[in-house]
Number of protein chains: 2
Amino acid sequence: MSEDRLSRVFAALADPTRRDLVARLSSADATVGELAAPYDVSLQAVSKHLKVLEEAGLVSRESRRAPVRLEAEVFDLMTKWIDRYQQQAEERYRRLDALLEEMQESTPREASREQDAS
Amino acid sequence: MSEDRLSRVFAALADPTRRDLVARLSSADATVGELAAPYDVSLQAVSKHLKVLEEAGLVSRESRRAPVRLEAEVFDLMTKWIDRYQQQAEERYRRLDALLEEMQESTPREASREQDAS
DNA sequence: CTCATTGTCAACCAAGTGGTTGAGAAATAG
DNA sequence: CTATTTCTCAACCACTTGGTTGACAATGAG
């Protein structure tokens, strides 16, 4: 299920610490210890965060103590989803705008007839 | 904090039901009742989901029973974040590739004449 | 105004999350 | 091989989350 995968990716990035890990890994691979150093949480906590990122496919390692690497391809999954609905929504706005213009064109006088009070 | 906002947006989209709501709203506005109909959870549950989407800025309503509307601009927040690190990561891969090529160039014994593509 | 419809709030519950500490596995150094 | 360093697993805790049901607020129709 690719749907479930998307859920895991979004959930993984919903945490600021994990987003920061991704940000840092985008400029250089790093070991768990190196990654953990700047934060004031335990190494275990960071290890857990990395596990979440790994299960979302955002990050990988060749072995236990090897440097962690960012898997940037996963980003495509998200951007594809986002683009799809963003474009669909924008298309709707365009059509709505067109419709509103059309209505204003065809009923310029009759509209002023409806002096609605409340 | 814009950081916190990103967290809320990602978290909101980490749920399949909420992604489906967004997908449906991208093609037409709809009331809470209409939105809830297809799912086999309670109306209250859907109302909660919409609240989450609303607090993430993904959705809005003019009044209580008015149709819910998708706010597609928020998508920009995500794509900006994603693009930034995706590009940074890709840039790194390019540099790494270049480095590897360079190393392969210098290792072969008689390959020192490989400056043809300048 | 009165009533029915529509949506939200409140309280609750089971499961999940991000953090902790302690113990132990696994990789590297001596 | 042994010792040390690096990382993960397990158990636990407080808090959040997605769901429920029941009561109630707010809006629209008669």
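Just so you know, these numbers use all the heavy atoms, side chains as well, and skip hydrogens, waters and symmetry mates.
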TODO: Determine the sole option in B:Arg61, B:Arg18, B:Lys48 for which the salt bridge (Lys or Arg N to Asp or Glu O under 4.0 Å) test with B:Glu54 is passed.
DONE: B:Arg61

- [ ] Determine the interplanar angle of the A:Phe75 and B:Trp81 rings, folded into 0 to 90°, and report it as parallel if under 30°, tilted if 30 to 60°, perpendicular if over 60°.
- [x] perpendicular

Open item on the list: Measure CG/A:Leu43 against P/C:dA23 and give the value in whole Å, please.
Closed with: 17 Å

Open item on the list: C:dT8, OP1 or OP2 - any side-chain N/O from B:Ser47 closer than 4.0 Å?
Closed with: yes

Task: Summary of salt bridge (charged side-chain N to carboxylate O under 4.0 Å, His left out) pairs that have at least one residue in residues 66-78 of chain A, sequence neighbours excluded - done: A:Arg69-A:Glu71

Task: Which residues share a salt bridge (charged side-chain N to carboxylate O under 4.0 Å, His left out) with B:Asp29, sequence neighbours left out - done: A:Arg92

Open item on the list: Check this for me, if you would: do B:Arg8 and B:Glu55 make a salt bridge, where the nitrogen-to-carboxylate-oxygen distance has to be below 4.0 angstrom?
Closed with: no

Open item on the list: Whether the B:Ser7 and A:Arg19 side chains hold a donor-acceptor pair (N or O, under 3.5 Å, no angle test) is what I'd like checked.
Closed with: yes

Open item on the list: Applying side-chain contact (heavy atoms from CB on, under 4.5 Å) to A:Val68 and A:Leu53, what does each step give before you reach the verdict?
Closed with: CA-CA 10 Å; A:Val68 179; A:Leu53 290 171; over 6 Å; no

Task: Rounded interatomic separation in angstrom, taking NZ from B:Lys51 and P from D:dT16 - done: 14 Å

- [ ] Grab the two heavy atoms, one from B:Ala30 and one from B:Leu25, that are nearest each other, plus how far apart they are.
- [x] N-CD2, 3.8 Å

Task: Of residues 62-70 of chain A, the positions that come close to DNA chain D - non-hydrogen atoms, cut-off under 4.0 Å - done: A:Arg64, A:Arg65

Open item on the list: Closer than 4.0 angstrom, basic N to acidic O: yes or no for B:Glu91 and B:Arg94?
Closed with: yes

Open item on the list: I need the CD-C1' distance between B:Glu34 and C:dG7, as an integer number of Å.
Closed with: 13 Å

Open item on the list: Between B:Arg5 and B:Val74, is the side-chain contact (heavy atoms from CB on, under 4.5 Å) condition met? List the steps.
Closed with: CA-CA 10 Å; B:Arg5 186 164 172 71; B:Val74 185; 4.0 Å; yes

Task: Distance-minimising heavy-atom pair for B:Tyr93 and A:Ala72 - done: OH-N, 4.2 Å

- [ ] Mind running a 4.0 Å heavy-atom check of residues 23-33 of chain A against DNA chain D and sending the residues that fall below it, in number order?
- [x] A:Thr31, A:Val32, A:Gly33

Task: Length of the line joining A:Arg61:CZ and C:dA26:C1', which is rounded to integer Å - done: 13 Å

TODO: Establish whether B:Val9 and A:Val52 are linked, either directly or via other cluster members, by ILVMFWY side-chain heavy-atom contacts under 4.5 Å.
DONE: no

- [ ] Using a 4.0 Å heavy-atom cut-off, write out nucleotides 10-19 of chain C from 5' to 3' as B (base contacted by protein), S (sugar-phosphate only) or - (no contact).
- [x] -B------SB

Task: Side-chain heavy atoms of A:Leu13 within contact of A:Leu58, under 4.5 Å - done: yes

Open item on the list: When the axes are fitted on five pairs at both termini, how much does the helix from C:dC1-D:dG30 to C:dG30-D:dC1 curve, in 10° steps?
Closed with: 30°

Task: Separation of atom CG in B:Leu50 from atom C1' in C:dT6, rounded to whole Å - done: 13 Å

